[in-house]
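Below: the structure, in structure tokens.
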Amino acid sequence: MIRDEIGLMVAQAAEAAQEAGDLPAVALPEPAAIERPQRAEHGDYATSLPLRLARAARANPIDIGEVLAKHLPASDKIERVEVVPPGFVNFHLSQSWLTSQVDAILTAGATFARIDIGRGQKQQVEFVSANPTGPLHAGNGRWAAVGGALVRVLRAAGYEVEAEYYFNDAGTQIEVFGRTLYARYQQLFGRDAPVPEDGYAGAYMIELAEQARDKLGDSMLRLEGEPAPEELTTFGVEHVMDWIRSDLGRLGVEYDTWYREQTVYESGNFDKVMAMLRERDLVVEREGAVWFATSQMDADKDEVLIRSSGLPTYLSTDIGYHYDKFVRRGFDRVIDIWGADHQGHVRPLKLAVEAMGLDPDRLHIIIGQLVTLKRGEETLKLSKRSGDVVTLREVIDEVGVDACLYFFLSRSADVPIDFDLELAKQQNAENPVYYVQYAHARIARILDNAGDLAQNVENADVGLLTHEAELSLIRKMLVLPELIETVARKLEPHHLPYYAQELATSFHDFYEKCRVLDEEQPQLSRARLKLAAAAKSVLATTLELMGMSAPDKM
RNA sequence: GUCCCCGUAGCUCAGUGGACAGAGCGGCUGCCUUCUAAGCAGCGGGCCGCAGGUUCGAAUCCUGCCGGGGACGCCA
């Protein structure tokens, strides 16, 4: 990346200046911070190193800047370096290098976005992981969009990433689900079997029961008063998992692993980690339950691991699950995406990771604020327990996959979302997603219409690209690798849609100001065709990272 | 009461400690006989919640307060 090259040049200049005695031997920040100035006249890149060094060096920032500039290695990529008050050094890229990047981008294709900050480090991203007790709702869709984008970006950044979905296939909720399904199933056969009070009231349970009847006939009926047959529960769970897989697939999310909760026990990891906690004297028994003595660590209260009923809690299972992630499967880092309603769970789990003798920083938990689904002024419940569920499927059907992804991706995980179904439908046509896709479609049309001008385009001279709009578009394309780095480091995919929009703006501006197909200027036309093709490639790559389509026609 | 997140334009939101705070939507004015007007150009709009502090420099970091959301269960 050119930004890193400039950073290196600045660092070299500082060292050279110190060797030459032009700059006192003060500690240099590592790495030298290179910024992108907000204003174009301040150049493509800038460093405030002189301002940072001024105090320690007991020198005027401007003088330090001049010294740095003097010792900068020569580069044909840099047109001009200027030192300006209060102490910035600004770098202007050379036009010839900029235009040469059009060829570079075209050659690189989709790999243009690839960087290698990950160096093959093994990471896992676990997201959505909703219980298979009902269809996904709109809130789940948010984390599908965010998790999917994160996985793709981390891969582009050079990490070896595994996407995982963790689901309960046993436990309290599944048991309740099974009882509800059995009640609905019996009702289909005329039995007076009420839905349990704590059961799942949604209409989808009736649909599920009907499917069970169609597939299994009356074979699941048991004598009055007998519990729900396990086979029926399993049938229901598998069916719901099919719904979930299908919804996630529509949002472009593909998991590498579907991890069953039971595996935590079957693998023996649960017992291992519990034994480990006992060995470290972090387990106490009290009031008939088994507790994780987090109060001995960095918490104000203990947490229950094994209930007095003998059943493990969600927390203890999760501890076993994370032991499995780190120790058995050997991930260097694990990223979990959780809703804000699970935030209280972060501290104890991190303490457990620490108690395993691991660095808790290897567990990164993204706490995402919740989605409130609305229809106009009315707030809709997202709970599967209540009858009124607005499913993710309905939302996708109403709003569209791409608009849905774009909307969910556009907001930082730190802010709660009000998802208004009415508004989403209304705004459908004005959704910024179409602005981005439109740019891509426009380019596709130009390339289609090129006719004879398309001949010999690969040999076109990109040096003919001198218009301000052309150069701005190239500059904007060059941001993508830097964006990948930002998103990967901060784990914030919401920067993607903003970049996509800026890139589209740069293209639309170019489109207005520079006619691409012009028989009277064939050489220039061919150079512009190249630029357009490069822009198409970068737009498509960006859309792909977000899981969205890049249409050739709109 | 304790803990987490948020407070930026009329609305929805961006904004790695840097140079004059941005976008979309909405409002107003213009631009289609040349590659898609799902586009472009322009105008208007801001004590960056409030008060202190740190810093050469704060929307950004720290403290306190106010306002909104969330968590504090032998549910998940």
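Note that these values count all heavy atoms, side chains included, but never hydrogens, waters or copies made by symmetry.
With distances taken from any side-chain atom of A/P432 to the nucleotides B/G24, B/U12, B/G17, the minimum falls on B/G24. Closest to the side chain of A/Y314, out of B/A19, B/A76, B/A37, is B/A76. Each of B/A76, B/U16, B/C13 was ranked by its minimum atom distance to the side chain of A/V415; first place goes to B/C13. For A/S412, whose side chain is taken as the heavy atoms from C-beta onward, the closest listed nucleotide among B/C20, B/G70, B/A14 is B/A14. Checking B/G39, B/A71, B/A19 against the side-chain heavy atoms of A/Q343 singles out B/A71 as nearest. Taking the side chain of A/T313 as heavy atoms from C-beta on, and the options B/G24, B/A76, B/C35, the nearest nucleotide is B/A76. Side-chain atoms of A/H495 lie closest to B/G15 of the nucleotides B/C74, B/A19, B/G15. Side-chain proximity of A/Q501 to the nucleotides B/A23, B/C74, B/A14 is greatest for B/A23.
Ring-plane geometry between A/W338 and A/H345 is classed as tilted, the angle between the planes lying from 30 to 60 degrees on a 0 to 90 degree scale. Taking the six-membered ring where tryptophan is involved, the planes of A/Y321 and A/Y166 are essentially parallel, since the angle between them stays under 30° and well short of 60°. Aromatic ring orientation, A/H494 versus A/Y498: perpendicular (interplanar angle above 60°, classes split at 30° and 60°).
Under 4.0 angstrom from either OP1 or OP2 of B/G22 there lies no side-chain N or O belonging to A/Y498. Listed pair A/K490 / B/U16 meets the phosphate criterion, a side-chain N or O lying under 4.0 Å from OP1 or OP2. Using a 4.0 Å cut-off, no side-chain N or O of A/S48 falls inside it from OP1 or OP2 of B/G17. Considering only side-chain N and O atoms, A/R442 lies nowhere under 4.0 angstrom from the phosphate OP1 or OP2 of B/A38. The shortest distance between the side-chain N/O atoms of A/Y435 and the OP1/OP2 oxygens of B/C40 is below 4.0 Å.
Between A/F167 atom CZ and B/A76 atom C1' there is a gap of 16 Å when expressed in whole angstrom units. One can place NE2 of A/H342 at 21 Å from P of B/G69, the figure rounded to the nearest angstrom. To the nearest angstrom, P of B/C74 lies 11 Å from CZ of A/R286. Summarising the geometry, the separation between CD on A/E502 and P on B/A14 is reported as 14 Å, rounded to the nearest angstrom. Regarding A/D414, its CG atom lies at a distance of 15 Å from the C1' atom of B/G68, rounded to whole Å. Regarding A/Q38, its CD atom lies at a distance of 12 Å from the C1' atom of B/U60, rounded to whole Å. A/K350 places its NZ atom 16 Å from the C1' atom of B/C3, with the value rounded to the nearest Å. Here B/C75 presents its P atom at 16 Å from CD1 of A/I174, a figure rounded to the nearest Å.
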What verdict does the salt bridge (charged side-chain N to carboxylate O under 4.0 Å, His left out) test give for A/D509 and A/K476, after you've listed the backbone C-alpha separation in whole Å, the side-chain angles of each residue and the deciding distance to 0.1 Å?
CA-CA 12 Å; A/D509 182 53; A/K476 195 55 83 176; over 6 Å; no

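Within 4.0 Å (heavy atoms only), A/A54 reaches no atom of the nucleic acid at all. At the heavy-atom level, A/V516 lies under 4.0 Å from base atoms of the strands shown. Counting any heavy atom pair closer than 4.0 Å across all strands shown, A/R489 reaches no nucleic acid atom. No engagement by A/K513 is indicated, since no non-hydrogen atom pair under 4.0 Å with the nucleic acid exists. Base engagement by A/A46 is indicated by at least one non-hydrogen atom pair under 4.0 Å involving a base atom.
Cation-pi geometry between A/R442 and A/Y511 is met: under 6.0 angstrom from the ring centre, within 45 degrees of the axis.
The residues A/R278 and A/E285 are annotated as salt-bridged, a charged nitrogen and a carboxylate oxygen being separated by less than 4.0 angstrom. For the pair A/E303 and A/K301, the salt-bridge criterion is met [side-chain N within less than 4.0 Å of a carboxylate O].
The aromatic ring centroids of A/Y435 and A/H508 lie less than 6.0 Å from each other.
Mapping A/D552 and A/P37 onto RNA chain B by nearest heavy atom places A/P37 at the nucleotide closer to the 5' end. Of the two residues near RNA chain B, A/F88 and A/A289, the one whose nearest nucleotide lies more 5' is A/F88.
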In dot-bracket form, 5' to 3', how is RNA chain B paired? Count Watson-Crick and G-U wobble pairs only if both distances fall under 3.5 Å, and write | where the partner sits on another strand.
(((((((..((((....[...)))).(((((.......))))).....(((((..]....))))))))))))....

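Residue A/R445 places no side-chain atom within donor-acceptor reach of the base of B/C35, judged by atom type and a 3.5 Å distance cut-off alone. Looking at A/N90, its side chain comes within 3.5 Å of the base of B/A19 through a donor and an acceptor atom. Taking 3.5 Å as the limit, the base of B/G70 and the side chain of A/Q369 contain no donor-acceptor pair of atoms between them. Judged by atom type and distance alone, A/S308 reaches the base of B/C74 through a side-chain donor-acceptor pair under 3.5 Å.
Without hydrogens or angle criteria, A/D302 side chain to A/S295 main chain gives a donor-acceptor distance under 3.5 Å.
Applying the 5.5 angstrom centroid cut-off and the 30 degree plane-angle cut-off, the aromatic ring of A/H494 is not stacked upon the base of B/A14.
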